[in-house]
Amino acid sequence: MAGKVKWVTDIEKSVLINNFEKRGWVQVTENEDWNFYWMSVQTIRNVFSVEAGYRLSDDQIVNHFPNHYELTRKDLMVKNIKRYRKELEKEGSPLAEKDENGKYLYLGLCVFHRLMFSVNIPRRPVQPWIMILSHRFKKCVPKDSKTSSFVSQSNKEAYVISLYINNPLLIGGRKFDLRLYVLVSTYRPLRCYMYKLGFCRFCTVKYTPSTSELDNMFVHLTNVAIQKHGEDYNHIHGGKWTVSNLRLYLESTRGKEVTSKLFDEIHWIIVQSLKAVAPVMNNDKHCFECYGYDIIIDDKLKPWLIEVNASPSLTSSTANDRILKYNLINDTLNIAVPNGEIPDCKWNKSPPKEVLGNYEILYDEELAQGDGADRELRSRQGQSLGPRAGRSRDSGRAVLTTWK
Amino acid sequence: MLQEESDLSLIIAQIVQKLKGSNLYSQLERQAWASLQRPEIKLESLKEDIKEFFKISGWEKKLQNAVYSELSVFPLPSHPAAPPEHLKEPLVYMRKAQGSWEKRILKSLNSMCTELSIPLARKRPVGEQKELLNKWNEMGTDEPDLSLFRPVYAPKDFLEVLINLRNPNYENGDSLSFRTHLGLIQVPLKVKDIPELKECFVELGLNIGQLGIDDSTQVPPELFENEHVRIGQKVLAQQDSAAAQQYIRQGSPTALRAELWALILNISSQPEDVLYYEQLKTNVIQHDLLVDSLIYKDVKLTASNDDYYFVFEDYLYQVLLCFSRDTSVLSHFAFNSASPPKSYIRGKLGLEEYAVFYPPNGKIAPLCFLYHEPSKLYQIFREMYVRFFFRLHSISSHPSGIVSLCLLFETLLQTYLPQLFYHLREIGAQPLRISFKWMVRAFSGYLATDQLLLLWDRILGYNSLEILAVLAAAVFAFRAVNLMEVTSLAAAEAVLADLSTLKVMPLLQIFLFATVT
């Protein structure tokens with residue numbers, strides 16, 4: 001209880017620093033004794049690498065899991081999801097049901113197919129495909145047989161082939177994607193929270209599926225960083241909508257049931273992706289992580305996972321944006337570092353309801369299992385996901401979903 | 001009694017006359033002819049059988065809706081010798097004021113034309129027509145040089161005109177009394193006070209379920225929401241305009257709103273309507289109006305920078321450009337004191353009339369949340385404009401006209417929040433100067449979209465804009481504590497700058513039904 005929390009960061013962003021300062025925390029350098037380190041993904045690699053020999057003490061917390069790339073690297077995500085599916089199939093779980101074409105009914109989450117090293121596009125693709133860089137790495141060979149050190153030989157790139165969604169849902173004729181923030185405090189048992197104030201990012205130009213436009217970066221890629229350089233980028237609003245706005249629009253134009261179903265599916269995708277990587281994730285108790293999920297919706301109101309970011313951008317493009325990200329960090333810190341005091345990583349990571357702020361519980365494995373195994377089977381199949389699925393926030397259970 | 005009966009038959013005759021020229025009439029006629037094939041129609045009881053057939057097939061309902069729709073816009077019965085201008089606006093001084101306001105706008109437009117050497121209207125060369133047709137769906141991305149265009153007038157100018165309105169027959173003497181109206185509007189129109197408003201808006205009462213209050217997450221849906229949705233679906237199934245209008249006083253569920261509004265406004269998308277819209281679009285392509293650039297500039301300045309509406313920028317252009325060429329809108333101005341300035345197209349085709357309206361773009365954007373099909377969006381907007389929103393831009397004595405709304409707002413404030421009113425007046429912050437822009441835009445762009453739609457539900461439900469003035473007063477009441485502490489107009493503006501977090505229904509309910517008067 002004595003002393004103030006000492007923080008370090010290697011990301012110089014005001015939304016972070018303002019939040020630390022408002023709690024009266026003290027800034028230190030990484031060589032000193034620190035309690036809280038908000039680090040970039042490069043740093044986490046170093047901290048947990050074998051050579052570094054870093055040992056975190058009980059009163060130290062960091063904002064990444066050591067092997068978060070199991071979720072954020074596209075090729076690994078694919079691998080993990082495929083493994084997860086196979087496991088479910090082996091168990092005979094109804095979640096792993098397939099339709100007559102062999103496609104997974106409930107687990108066709110994301111757009112990627114795994115690919116390494118070479119490009120192997122089907123000869124006559126029915127739908128357009130794009131190649132997305134998964135990661136770069138150095139191919140290493142051992143220096144000599146006696147030592148165990150390696151020398152890097154060449155720079156390689158690994159790609160995944162992604163199914164291109166050429167029928168995205170358009171609003172006002174524009175393509176958009178969803179950015180949702182998900183906080184994971186522990187993977188085993190899985191406990192994750194969804195930030196209520198996600199947003200949609202719009203393209204500035206109208207969408208056309210014609211192939212000549214495929215080269216136009218601005219039409220297809222909606223990341224703000226790229227949009228900013230388009231001629232029509234508007235600096236005042238940055239082409240964003242809140243998720244609640246999206247919900248209002250969809251309910252008004254498409255109806256309540258399909259909208260609720262869409263949002264349920266989005267929550268489903270997120271939880272399944274986390275469950276898929278949970279077994280392989282290094283569930284270090286010093287860690288928590290706030291992910292940025294990018295999701296796109298097609299015109300049949302089916303959501304697709306595009307990617308997961310371990311280091312979602314904390315740059316603000318507009319004033320509202322700044323407020324949103326400030327509050328996001330604020331609520332995240334309230335959950336990860338209870339009471340703003342010097343943390344003890346042994347705590348049970350179960351914050352009281354009042355500190356959640358704009359987060360709501362997305363999935364809490366402990367609570368879910370406490371309900372008994374019989375609930376597992378009552379999941380996706382017969383249950384109609386009624387309007388209550390998005391409603392009452394009173395209980396601490398998995399309130400965003402009616403399934404476990 | 002006799003007078004009422006003859007009034008009624010006069011109204012009936014006029015409505016019949018109006019409907020005879022409508023599409024519905026020819027449809028009914030066709031249906032009647034077709035029904036002769038049916039076995040249940042017998043020659044002896046032809047009239048009764050056809051009537052019965054209409055009842056069963058839903059055509060009677062359509063006729064009912066059409067009559068109801070006409071009644072909503074019909075002026076009150078008047079003396080047979082009254083001249084048409086008198087029907088539009090009974091008060092002479094109002095008519096005069098509106099006339100001079102219109103002249104001013106036209107003069108401003110004309111002088112802009114001369115200054116910039118641009119004709120008020122011209123026919124587009126073929127190449128330009130093709131170009132416009134190609135980018136019809138993306139007009140938002142083009143950026144012509146608009147720096148030289150000024151808006152024709154700002155809401156502030158309009159407010160000044162309203163402030164200077166005087167009834168030459170009215171003399172209230174120099175002595176101040178408790179009756180003296182301390183606000184800016186100085187015309188003696190009759191406005192409702194809170195007891196009368198309570199009667200009028202009885203469905204907003206504390207013990208009646210409302211959407212916007214009783215559908216919040218803390219309230220279990222079984223208490224009100226589920227049943228309300230069920231009733232809404234029934235109303236839609238019955239296709240009954242009058243029932244829908246009554247229903248929507250308690251708010252509309254989001255999923256049903258688009259259909260309910262269309263039902264209340266009696267809009268059904270027939271192929272003829274789509275054709276009409278396409279016709280207007282062709283007019284836009286073929287002719288370029290000066291007002292187009294004004295529209296363009298206005299949309300760019302407002303909607304493009306709005307957090308919610310920027311997405312629909314292109315729809316706004318499409319609708320507004322077509323609207324400014326829609327001559328059928330003119331026929332509705334038979335009931336309004338306004339005659340919008342007309343401009344004439346030069347050219348070999350001879351003179352064709354196009355009316356010039358000041359672009360009301362703020363009111364379209366929220367509709368884009370409900371309708372994404374352009375011709376439907378257009379119809380809904382047009383109907384809402386001719387029923388309600390035009391009254392916000394013209395000078396008249398109508399209870400939903402902007403003059404009455406301003407007076408209602410000021411009277412409510414002065415009567416029920418006298419201390420606040422006096423204080424604001426003392427620091428040079430006349431409340432109307434702040435609330436005028438809210439009312440003239442029907443709060444569009446100030447409230448969150450879902451709240452705005454709940455407010456407009458009630459406009460449709462009560463067929464009146466008075467609720468805008470009541471809401472404006474309720475907002476002041478809500479922020480009264482902070483407002484009492486400010487010492488300048490700028491500070492007062494700051495307190496009331498951000499309405500985006502307000503929940504309109506609780507505010508209205510508290511102000512009308514829970515304030516100690």
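Both backbone and side-chain heavy atoms feed into the values below; hydrogens, waters and symmetry mates do not. If you're wondering where the values come from, they're calculated on a predicted model, not measured in any experiment. Each chain gets a letter, A, B and so on, in the order its sequence line appears, and its residues count up from 1.
- Smallest separation of non-hydrogen atoms from A/T253 and B/L370: CG2-O, 3.6 Å.
- Classified by interplanar angle (parallel below 30°, tilted 30° to 60°, perpendicular above 60°), the ring pair A/Y249/B/F369 is perpendicular.
- Nearest approach of B/A258 to A/S252, heavy atoms of both residues: CB-O, 4.2 Å.
- Across A/G255 and B/A255, no two heavy atoms sit closer than the pair CA-CB, 3.9 Å.
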* To do: Give the intermediate values and the outcome of side-chain contact (heavy atoms from CB on, under 4.5 Å) for residues B/L453 and A/L248.
  => CA-CA 10 Å; B/L453 292 173; A/L248 174 68; 4.3 Å; yes

